[in-house]
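Chain letters run A, B, ... following the sequence lines, proteins first and then strands; every chain starts at 1. Side-chain atoms are counted along with the backbone in the values below, which use heavy atoms only and exclude waters and symmetry mates.
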Amino acid sequence: MAQRDSKILLLKNLNAVQKQAVEQIDGPNLILAGAGSGKTRVLTHKIAYLIERKKVKPENILAMTFTNKAANEMKERISQLLKGTIKGLWLGTFHSICARILRKNCEKLGYTGNFVIYDDSDQLSLLKTIIKELEIPKDEQLKPRWVRSKIKNIKNSNKTIDDYLEGSYSFADEYLEDIYYKYITRLQQNNAMDFEDLLLKSNELFKLFPSVVKFYQNIFQYILVDEYQDTNRLQYELIKAMGGKRQNISVVGDDDQSIYRWRGAEIRNILDFKKDFPTCKIFKLEQNYRSNENILKIAHSIISHNINRMEKELWTKKESGERATLKIAYDNFDEANFIVQKIIEETHNNQRNFSDFAILYRINAQSRSFEEALKNHTINYVVIGGIRFYERKEIKDILAYLKILVNQKDSVSLKRIINYPTRGIGEATVTKIDKFSQQQKITFFQALGKIDKIDSIPKRKQETIFQFYKLIQKYIGLKGTVAVSELITALIENLGIFSSLKEEGSIESLNKIENIRELILGINEFIKRNPDLSLEHYLENVALITDVDNWDKSANAVSLLTLHSAKGLEFPVVFITGMEEGLFPLGRNMETDEELEEERRLFYVGATRAKEKLYLSAKKYRRMNGETSTCTISRFLTEIDKDLIEVQDLTYNQGKTQGRQISKPKRIYKFEFEDNSSPTEKLRPGILVRHERFGIGVVRKIEGREENIKANIIFEDVGEKNIVLKYCNLEIIK
DNA sequence: GAGCGGCCTTTTTTT
DNA sequence: AAGGCCGCTC
């Protein structure tokens, strides 16, 4: 009886194709799932089906996703289906699954289980040190960021540096090789892995140790992969290796939603799945349950122009819906005001909540003008992503202390905090210690313990450094005996972080205090929820988590996020903004077909996040550096079926430009107000002002109080800078 | 010489 | 918001 119930429950909410896809459990299978076609539903039902109907043990199932959010959602939905939490299921992001495997096995590769994970900024600071040490001539190309992206490419494609540089002997490449070798050695010395290493080292582990790979092949009887179109070479190889002889691999994906090529995703993985796994079965999910017909048609009329794609067209039983609106805006403020107006209109006319809206853009920095406009109209909003919590300076500083307590070899974190709070130890001193530690073949931390042997550092400074060393030693000792929450509270107290921030008294420093408090709460929460896990697990969790993962759906607020973060979410009304700017936000032309293709996919993904209504906006077609840029919007207009959208262009008048053409460069003028009229009341950021000579500008930032107020105002360039003015010279427009 | 603070410029997208 | 650069101070 119980079995019949669960059978009904498990399969009754599926359509015919979904059902087939769920029931096909053996061998490789590819589930092509268009946006909103029930991808997660199939995955979760399949896992539930395996456990409930096929009596597969949860610990024999591996499901890998791209985000923690997707993983959590799946976890939740599976336990709903099976009426109870499932223990032992391997469900997580590629990176977290790999981290788990590596924690257990990394000693075989010369690491210890307490290794730390370096994020992008840690990577960057390590590369800076290396570039400096190698005394590399200053070169446009050999900037740390350039090197980092090269290294990421090499690792993600699972190539050796030799393969990568084959046949290329440019000036920069020769140095790149030196940097690369030093970088990977240094990572290992620091007992640290970067994001790519999590995948790369797991793969290495499987290649080098047949017994290990056999062990995991035995465990992972069934493998499920989400967002397969965004896997890179390494992930592809991992999946293949883990699948072993059985090859019970179900991958779910949609080539039309591949938007991560820039970080190594290879669309060939999904396009060539049939070649890689000749016995595979293919299921196509084309019924869309999310959007109305009009939105699907818009998305399709764009994506169908792509060259490398499997033909498919989504359909829906829903009504056709309203036409989308394309607003050509005059500038940022016009664009933002249009959106605010529409939100107000929709909330009044259609009784929508603020949480029904999402504003999507390409880059996080674009959120500013929307934030200002929403703030001015007292509309609640949340920015998702952007400056991520764990990437804030004050948070990273505290985390660096914790990392050192866990892993003393981590010289990147150690250098970060050796002068935080300021102890008078600058770059020059750090370099001296670095040299010494390399001569002596000891770690940076060990060198601090022998600081009296470095003669070139004055005695007083040696004493300061030794105090720092003893401080760290003390907390390493405490770590084993005291609860983590007490440890961190004591540490922060000891460092006097709160008191010095309080002394500063600025809004920023108060914010920082709040953030650190939140961090402490978060740590305590984590420890409470996972009593058997330690500090290093917390740090791993922090390194792999993102803001979208913490996104709170219940708050009644407009969501602001990038198109990339919007993946997998859905909203009744979606605004896609900044469309004129193309793949490169600075208005550069899209140079290759590939770039254009990826741009279309982004738009498609953005469009299909909308359930009911879609608004598009673009700023006025403009000139950059004297040259005309190729705009996404003009391409868009040539490709889209005109019946599907309503174009609103109030900036054009009979084909001619009305008003001024906005040209680069703009310049920010700093005004200092000398009177005591306290203009901050009216002069808030986002307010438009008119100046008799400079024309119309917008306030970007206000600083200071009562006397000596400074305001940053953006005007077009009129050739002067930093002008001191009286408040009365500005007329406030709104 | 070293460190520090202020000012200016620049910012793709994410695990 | 944060890194780079410059000038000021100990």
Side-chain angles (χ1 to χ4, degrees), chain A residues 64-71 92-99 117-121 123-125 128 143-145 149 152 155-156 193-199 227 230-232 234-235 258-265 360-368 384-388 390-394 396 419 421-432 456-458 460-461 464 504 508 511-512 540-549 561-567 578 581-588 595 598-599 601-602 605-606 665-668 670 701 703 710 712 721-722:
Chain A
M64 288 189 285
T65 62
F66 262 76
T67 60
N68 295 294
K69 187 185 142 285
T93 60
F94 275 94
H95 291 83
S96 64
I97 299 275
C98 285
I117 298 169
Y118 278 177
D119 69 11
D120 280 10
S121 63
Q123 251 179 317
L124 215 53
S125 50
K128 275 179 198 160
K143 286 178 178 164
R145 277 168 192 276
S149 86
K152 276 176 180 286
K155 289 189 171 185
N156 276 325
M193 298 201 197
D194 59 21
F195 281 131
E196 289 70 36
D197 275 349
L198 294 175
L199 307 176
E227 308 276 17
D230 281 329
T231 49
N232 60 32
L234 265 175
Q235 288 161 331
S258 160
I259 55 172
Y260 284 103
R261 196 162 345 180
W262 50 271
R263 76 167 200 215
L360 310 184
Y361 35 77
R362 274 311 288 273
I363 63 172
N364 286 307
Q366 286 172 309
S367 72
R368 273 195 95 100
I384 301 162
I387 319 104
R388 283 187 287 263
Y390 293 108
E391 282 169 19
R392 281 164 207 265
K393 192 191 165 304
E394 66 273 20
K396 285 216 69 174
N419 201 29
T422 41
R423 302 182 173 91
I425 303 162
E427 211 192 311
T429 311
V430 168
T431 310
K432 280 176 198 163
S456 55
I457 297 174
R460 279 191 62 161
K461 211 157 265 190
T464 322
E504 271 179 51
E508 286 90 17
N511 259 334
K512 284 181 182 174
E540 176 182 309
N541 182 54
V542 162
L544 300 178
I545 212 161
T546 61
D547 259 20
V548 188
D549 303 332
L561 60 166
T562 62
L563 286 159
H564 284 91
S565 331
K567 205 171 187 189
E581 290 180 334
L583 186 60
F584 294 94
L586 299 176
R588 232 178 81 199
E595 283 169 352
E598 183 144 329
E599 178 67 11
R601 293 195 162 103
L602 263 179
V605 171
K666 281 186 196 172
R667 185 167 273 179
I668 299 166
K670 191 180 77 191
K701 212 161 129 190
E703 283 173 333
K710 289 178 189 172
N712 282 328
K721 233 181 150 180
N722 295 347

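- Heavy atoms of A:Lys152 sit under 4.0 angstrom from at least one base atom.
- A distance-only check finds no donor-acceptor pair linking the side chain of A:Thr422 to the backbone of A:Gly424 [under 3.5 Å].
- In the set B:dA2, C:dA2, B:dT14, the nucleotide with an atom closest to the side chain of A:Lys461 is B:dA2.
- Listed candidates were B:dT14, B:dA2, B:dC4. Nearest to the side chain of A:Lys432 is B:dA2.
- Across all strands, A:Ser96 comes closer than 4.0 Å to no nucleic acid atom at all (heavy-atom distances).
- Of the residues near DNA chain B, A:Gly424 and A:Thr562, the one whose nearest nucleotide (by heavy atom distance) lies more toward the 5' end is A:Gly424.
- If you check B:dA2, B:dC4, B:dT13 against the side chain of A:Ile363, the one that comes closest is B:dT13.
- The shortest distance between the side-chain N/O atoms of A:Asn364 and the OP1/OP2 oxygens of C:dA1 is not below 4.0 Å.
- Nucleotide B:dT13 holds its P atom 15 Å from the CZ atom of A:Phe195, rounded to whole Å.
- A residue-by-residue look at A:Trp262 and A:Gly426 shows that A:Gly426 has its nearest nucleotide of DNA chain B further toward the 5' end.
- With B:dT13, C:dG4, B:dG3 as the choices, the nucleotide that has an atom nearest any side-chain atom of A:Arg362 turns out to be B:dT13.
- The nearest whole Å value for the distance from the OH atom in A:Tyr390 to the P atom in C:dA1 is 19 Å.
- When heavy atoms are screened at a 4.0 angstrom cut-off, A:Ile259 is found touching no nucleic acid atom at all.
- Look at A:Asp120 and A:Lys152 and you find a salt bridge, because one of the NZ, NE, NH1 or NH2 atoms lies within 4.0 Å of a carboxylate O, short of that distance.
- Counting non-hydrogen atoms under 4.0 angstrom, A:Asp120 reaches a base of the nucleic acid.
- In this structure, A:Arg460 places its CZ atom 14 Å from P of B:dG3, rounding to the nearest Å.
- B:dT13 atom P lies 13 Å from atom CG of A:Leu561, rounded to whole Å.
- Residues A:Glu599 and A:Arg362 are paired through a salt bridge, judged by an N-O separation under 4.0 Å between the basic side chain and the carboxylate.
- For A:Arg263, the listed nucleotide lying nearest its side chain is B:dT14; candidates were B:dA2, B:dT13, B:dT14.
- Following rounding to the nearest Å, A:Lys512 (NZ) and C:dA1 (C1') show an atom-to-atom distance of 10 Å.
- Counting only heavy atoms from C-beta outward, the side chains of A:Asn419 and A:Val430 never approach each other to under 4.5 Å.
- The side chain of A:Thr429 has B:dG3 as its nearest neighbour among B:dA2, C:dG4, B:dG3.
- The interatomic distance linking A:Lys393 (NZ) with B:dG5 (P) rounds to 12 Å, in whole Å.
- In this structure, A:Phe66 places its CZ atom 14 Å from P of B:dT14, rounding to the nearest Å.
- A salt bridge links A:Asp119 with A:Lys396: the distance from a Lys NZ or Arg NE/NH1/NH2 to an Asp or Glu carboxylate oxygen falls below 4.0 Å.
- Between the C1' atom of B:dT14 and the CG atom of A:Asp119 lies a distance of 12 Å, rounded to the nearest Å.
- Residue A:Thr422 places no side-chain N or O under 4.0 Å from the OP1 or OP2 atom of B:dG3.
- Once the 5.5 Å centre distance and the 30° plane angle are applied, the aromatic ring of A:Tyr260 is found not to be stacked with the base of B:dT13.
- We find that A:Asp230 and A:Arg263 are not joined by a salt bridge, their nearest charged nitrogen and carboxylate oxygen being 4.0 Å or further apart.
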